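Reminder, nothing fancy here: chain letters follow the sequence lines and each chain counts from 1. Predicted model only: the values in this text are computed from it and were never measured.
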2 protein chains.
Amino acid sequence: MKNITEKIVKLFKEGNCTPQIAKIAKKLKEPSTTIHYNIKKLEKEGAIKTYKAIFDYKKIDEGFCVFVLISLSPDEYGNPEKIGKDLAKHPEVESVDICTGNWEMILKVRVKDQDTYYNLVKNVISRRGINKIVSLTSLKQLKTEFVTL
Amino acid sequence: MKNITEKIVKLFKEGNCTPQIAKIAKKLKEPSTTIHYNIKKLEKEGAIKTYKAIFDYKKIDEGFCVFVLISLSPDEYGNPEKIGKDLAKHPEVESVDICTGNWEMILKVRVKDQDTYYNLVKNVISRRGINKIVSLTSLKQLKTEFVTL
DNA sequence: ATAGTGAATTGAATAATATTCAATAATATA
DNA sequence: TATATTATTGAATATTATTCAATTCACTAT
């Protein structure tokens with residue numbers, strides 16, 4: 001037995017999906033060529049970044065979800081994007097935002113369990129330039145990525 | 001001219017996409033029927049919730065993104081999901097999480113601009129049961145929904 | 001070990017869908 | 001009003017998903 005599902009999940013996280021033009025056409029009661037034209041226009045304008053799958057993360061071994069509020073050390077205020085882009089490279093990181101307020105950065109992270117998260121904090125998140133972090137663990141997700149669970 | 005794009009964007013937020021089986025098959029060098037079988041299995045197990053589009057939100061008039069940390073009033077501690085599910089109904093709300101720590105709930109919200117957000121806070125987020133909120137406005141998004149921008 | 005069971009893989013045939021293209025219509029611009 | 005640009009659409013084609021049946025694989029109990 002090949003373990004294909006893991007590879008599929010990985011591909012689905014970033015894309016490898018496509019619009020259902022025929023179904024959209026039926027729903028909107030328009031010709032499929034019109035829908036096709038408008039979708040391609042949205043893609044060319046860059047309004048649509050990609051098409052991807054949304055998961056029940058518990059079922060793909062990523063049930064532990066944490067919001068990480070990050071306070072940067074003052075010498076990093078001038079270039080928060082450098083740290084942010086580094087953190088964004090990690091596949092466990094769902095989102096990276098540079099923010100206003102008491103925290104300069106917010107991560108949303110998905111891992112298997114608390115142990116895995118602890119290792120991520122030690123090995124990835126704790127680094128020079130990061131002054132303080134507050135971890136808010138999600139106990140229950142009611143909606144993600146605009147999809148109600 | 002019909003304004004179809006708005007309707008398409010709305011449909012794409014929750015689904016109306018589908019996997020690209022042929023392309024995945026080529027990437028993984030497996031027969032497309034094998035890929036098909038494995039994807040359908042993931043769907044039946046409920047591991048895949050839906051297939052949808054990811055946007056450059058600035059280009060679809062949702063450039064203002066805020067993380068809302070919510071403190072519930074003590075009489076709501078027993079049933080935070082009621083408020084959460086109500087909030088999840090609103091299309092501006094990308095995610096709703098029940099959390100540990102100083103805040104019992106975290107929202108991620110996307111609207112057009114600060115004015116629209118102000119109205120959302122007044123009309124939707126401020127309600128009985130919500131004790132205190134802290135809004136962390138995203139100044140720059142480096143990664144969203146696992147997609148690097 | 002091995003027979004038996006259910007699950008996974010796969011090729012061939014078919015059904016469904018996206019895409020291309022050219023014609024027309026609508027809108028914007030000068 | 002004339003002209004250029006953009007949007008809509010039907011018909012033809014290319015691509016892709018899906019179905020089905022056959023085979024292989026993995027696991028369990030004897």
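- Judged by distance alone, the side chains of Thr137(B) and Tyr117(B) never bring a donor and an acceptor atom under 3.5 Å apart.
- Between the axis at the start and the axis at the end of the helix from dA1(C)-dT30(D) to dA30(C)-dT1(D) there is an angle of 50°, using five pairs per end and rounding to 10 degrees.
- Rounded to whole angstrom, the span from the CD1 atom of Ile4(A) across to the P atom of dA7(C) amounts to 17 Å.
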Take Asn79(A) and Glu81(A) through the side chain to side chain contact (heavy atoms under 4.5 Å, CB included) test and state the conclusion after the steps. CA-CA 5 Å; Asn79(A) 191 18; Glu81(A) 290 188 35; 4.2 Å; yes
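- OP1 or OP2 of dT9(C) has not a single side-chain nitrogen or oxygen of Tyr37(B) nearer than 4.0 Å.
- Here the side chain of Ser95(A) pairs no donor or acceptor atom with the backbone of Thr144(B) at under 3.5 angstrom.
- Within residues 8-16 of chain B, no residue has any heavy atom closer than 4.0 Å to DNA chain C.
- Every pair passing ring-ring contact (aromatic ring centres under 6.0 Å, His included) that includes a residue from residues 5-44 of chain B is listed here, sequence neighbours excluded: Tyr51(A)-Phe12(B).
- Between the side chain of Ser126(A) and the main chain of Val121(A), a donor-acceptor pair closer than 3.5 Å is present.
- Lys108(A) has no carboxylate O lying under 4.0 Å from a charged side-chain N of Asp97(A), or vice versa, which leaves the two without a salt bridge.
- Looking only at distances, a side-chain donor or acceptor of Glu104(B) sits under 3.5 Å from a matching main-chain atom of Leu72(B).
- Between Phe67(A) and Phe67(B), the ring-plane angle classifies as perpendicular under the 30° and 60° cut-offs.
- The distance between atom CG of Leu28(B) and atom C1' of dT9(C), rounded to the nearest whole Å, is 14 Å.
- Salt-bridge formation is not detected for the pair Arg110(B)/Glu62(B): no Lys NZ or Arg NE/NH1/NH2 atom is positioned less than 4.0 Å from an Asp or Glu carboxylate oxygen.
- Contact annotation: Asn38(A) does not reach the phosphate of dA7(D) (side-chain N/O to OP1 or OP2, under 4.0 Å).
- Between the side chains of Asn131(A) and Ser73(A), no donor-acceptor pair is found at a separation under 3.5 Å.
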Using a cut-off of 4.0 Å between protein heavy atoms and nucleotide atoms, how would you tag nucleotides 13-18 of chain D 5' to 3' with B, S and -? ---SSS
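- For Glu30(A), the side-chain atoms get nearest to dT9(D) when compared with the rest of dT9(D), dA8(C), dT8(D).
- Ion pairing between a basic and an acidic side chain is recognised when a charged N comes within 4.0 Å of a carboxylate O; Glu92(B) and Lys112(B) show no such pairing.
- Atoms CD1 (Ile35(A)) and C1' (dA7(D)) sit 12 Å apart, rounded to a whole Å.
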Tell me, for nucleotides 22-27 of chain D in 5' to 3' order, what letter each nucleotide earns: B for a base near a protein heavy atom under 4.0 Å, S for only sugar-phosphate near one, - for neither? ---SS-
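- Between the side chains of Thr116(A) and Asp113(A), a donor-acceptor pair is found at a separation under 3.5 Å.
- Contacts between residues 43-50 of chain A and DNA chain D, defined by a heavy-atom separation below 4.0 Å, involve no residue at all.
- Ring geometry for Trp103(B) against Trp103(A) counts as perpendicular: the plane angle is over 60°, on a 0 to 90° scale with 30° as the lower cut.
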Any chance you could lay out the side chain to side chain contact (heavy atoms under 4.5 Å, CB included) test for Glu43(A) and Lys40(A), step after step, and finish with the verdict? CA-CA 5 Å; Glu43(A) 290 176 6; Lys40(A) 292 302 154 192; 3.3 Å; yes
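- Met105(B) places a side-chain heavy atom less than 4.5 Å from the side chain of Ile83(B).
- Salt bridge Lys41(B)/Glu45(B): present, at least one basic N to carboxylate O contact under 4.0 Å.
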